[in-house]
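Note that the structure is a prediction, hence the values are computed from the model and not measured. FYI, side chains are in, hydrogens and waters are out, and symmetry mates aren't considered; it's all heavy atoms of this structure. Whatever order the structure lists them in is the order used to number ligands and atoms, beginning at 1.
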Amino acid sequence: MGNRYIRIFDTTLRDGEQAPGATLNRAEKLEIAQQLAKLHVDIIEAGFPIASPDDFEAVKAIATQVEGPRIAGLARAVEDDVRACWDAVRVAGLPRIHTFISTSPVHMKYQIRKTPDEVLADTRAMVTLAAELARQHPEADVEFSAMDASRSDPEFLAQVLDCAVQCGATTINVPDTVGYALPLEFGDFIRELYRLAPSLRDVHVSVHCHNDLGLATANSLAAVRAGATQVECAVNGIGERAGNASLEEVVMAIRTRGEYFDCETGVVTTEIARTSRLVSTLTGYQIQRNKAIVGRNAFAHESGIHQAGVLNEASTFEIMTPADVGLTDNDIVLGKHSGRHALRAKLAELGYTLSDAELGDAFKKFKDVADKKKRVTVLDLEALVSEEIREREDHFTLKSFVNQSGSSIIPTSQVEVLARGEVKKGRSFSNGSVESVFAAIDDAVGITGSLADYQVRAISSGKDSLAEVRVAVEVNGRSFNGQAVSFDVMEASAKAYVRAVNNAAAAGEV
Ligand code: MN
């Protein structure tokens with residue numbers, strides 16, 4: 001349908017993971033990457049390999065195991081970064097080295113302390129190196145980004161971008177790193193760059209917009225109108241500060257207004273809702289209710305006039321349907337008589353691959369839920385299975401807890417935590433019952449966590465719904481999210497807290 005194909009470059013696992021508290025372990029990153037492959041994004045930016053050995057291994061694992069999308073790693077325009085990036089991504093079917101350097105006056109002077117000439121020289125040297133490494137693989141390519149491009153002098157920026165093209169970069173990214181751009185201006189800026197650097201016509205121009213002024217999606221779309229053929233974005237719009245352009249908004253805007261843009265993407269939009277839930281669960285980042293496309297209320301019509309209109313003819317008040325983004329068959333599915341085979345088949349259909357032991361555990365949990373609820377829905381299954389996936393790499397597991405509370409007693413709690421293979425006990429007397437469970441976990445693990453956020457919600461409707469608890473816990477001044485589900489709010493709270501402690505452990509803080 002569209003004349004131009006817009007590449008969707010997903011940075012949920014790199015920029016998205018840089019959102020405060022959104023730490024993901026390797027198993028979680030792999031699970032998200034597999035889902036991004038089902039969503040048919042074109043490029044997955046899997047991480048920043050030089051940042052830590054864990055990052056390196058996660059990028060390499062994704063490059064090894066995830067098929068379909070191109071796998072990119074990020075690298076500063078520094079030799080060690082570029083080489084580490086290549087070592088991590090070279091095993092992919094379609095590898096990409098993504099290297100960057102700052103080009104704005106304020107960044108050159110205060111952040112990297114280099115003159116414009118030095119920036120130009122580094123660009124030449126590092127893009128040349130990246131292109132040389134990429135030649136070892138028939139499908140590898142190189143992307144270059146000019147950090148803080150939107151606040152750079154256009155003439156100088158065009159010179160740097162042209163240099164990157166001459167040295168072998170085939171995708172040139174123009175980031176609005178600090179979310180400063182405005183849509184009309186940003187579109188003009190991209191057109192100006194095409195005029196100043198005609199070599200950009202021979203490559204893919206990309207944009208990477210941040211949402212500090214709530215304009216990330218609008219700026220990305222303005223750039224597409226101006227000729228850009230790659231958009232960098234993240235699921236649910238997560239990322240540094242106010243986040244990145246949200247993948248679902250960019251994709252659905254291009255699809256819904258395809259005639260205006262005369263463009264299309266390759267994204268399988270019916271996978272959007274599931275991808276959004278998975279990212280929300282594993283990062284612990286709740287989605288605001290009125291979030292475009294994936295918020296709980298995105299397709300809810302409240303006024304009677306609207307409801308009547310939609311019943312007569314959906315297009316009266318709906319520019320897209322819930323089915324377009326995969327919000328239809330969440331009900332179903334399994335009941336208490338469903339067996340292990342049915343569960344395995346349903347999970348495979350949802351895209352989860354579990355080992356036999358994990359399937360055994362998931363089946364026990366499933367039976368427990370099926371005993372208490374008539375219908376086990378897709379949402380329930382996702383909630384149960386994501387716990388199995390995450391426990392693959394856990395340092396700490398909650399074994400048991402006892403909590404006593406009431407209006408006339410001081411709440412007391414005792415917990416047992418399996419801590420790196422050893423059972424540790426903890427206890428506490430506290431003011432609130434939830435607080436006392438958390439303090440008992442601190443006692444068992446030997447940390448002092450401070451609770452920064454605590455939220456409870458129902459996974460589905462009805463009194464028999466599973467409860468979902470999300471916490472943000474500060475450990476040594478850093479924030480870590482945790483999420484868990486259970487029929488019992490107190491148990492979900494304890495598990496969510498232990499999950500946050502695991503994320504802190506993965507980051508080396510426990
Ligand atoms: Mn960014």
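Just one residue in the list Ile71, Thr171, Val89, Val142 forms a side chain to side chain contact (heavy atoms under 4.5 Å, CB included) with Arg96, and that residue is Thr171.
For Asn297 (side chain) and Asn290 (main-chain N/O), no donor-acceptor pair under 3.5 Å exists by modelled atom type.
Geometric assessment of Arg225 against the ring of Tyr260 yields a positive cation-pi assignment under the 6.0 Å and 45° thresholds.
For Asp162, the side-chain hydrogen bond (donor to acceptor under 3.5 Å, both in side chains) partners two or more places apart in sequence, or in a different chain, are Gln166, Ser199.
Of all protein atoms, those of element N, O or S that lie under 2.8 Å from the Mn ion (ligand 1) number 3.
Side-chain contact between His210 and Ser150 is absent, with no heavy atoms from C-beta onward closer than 4.5 Å.
By the neighbour-count criterion of 12 heavy atoms within 6.0 Å, atom OH of Tyr454 is densely surrounded, having more than that number from other residues, nucleotides or ligands.
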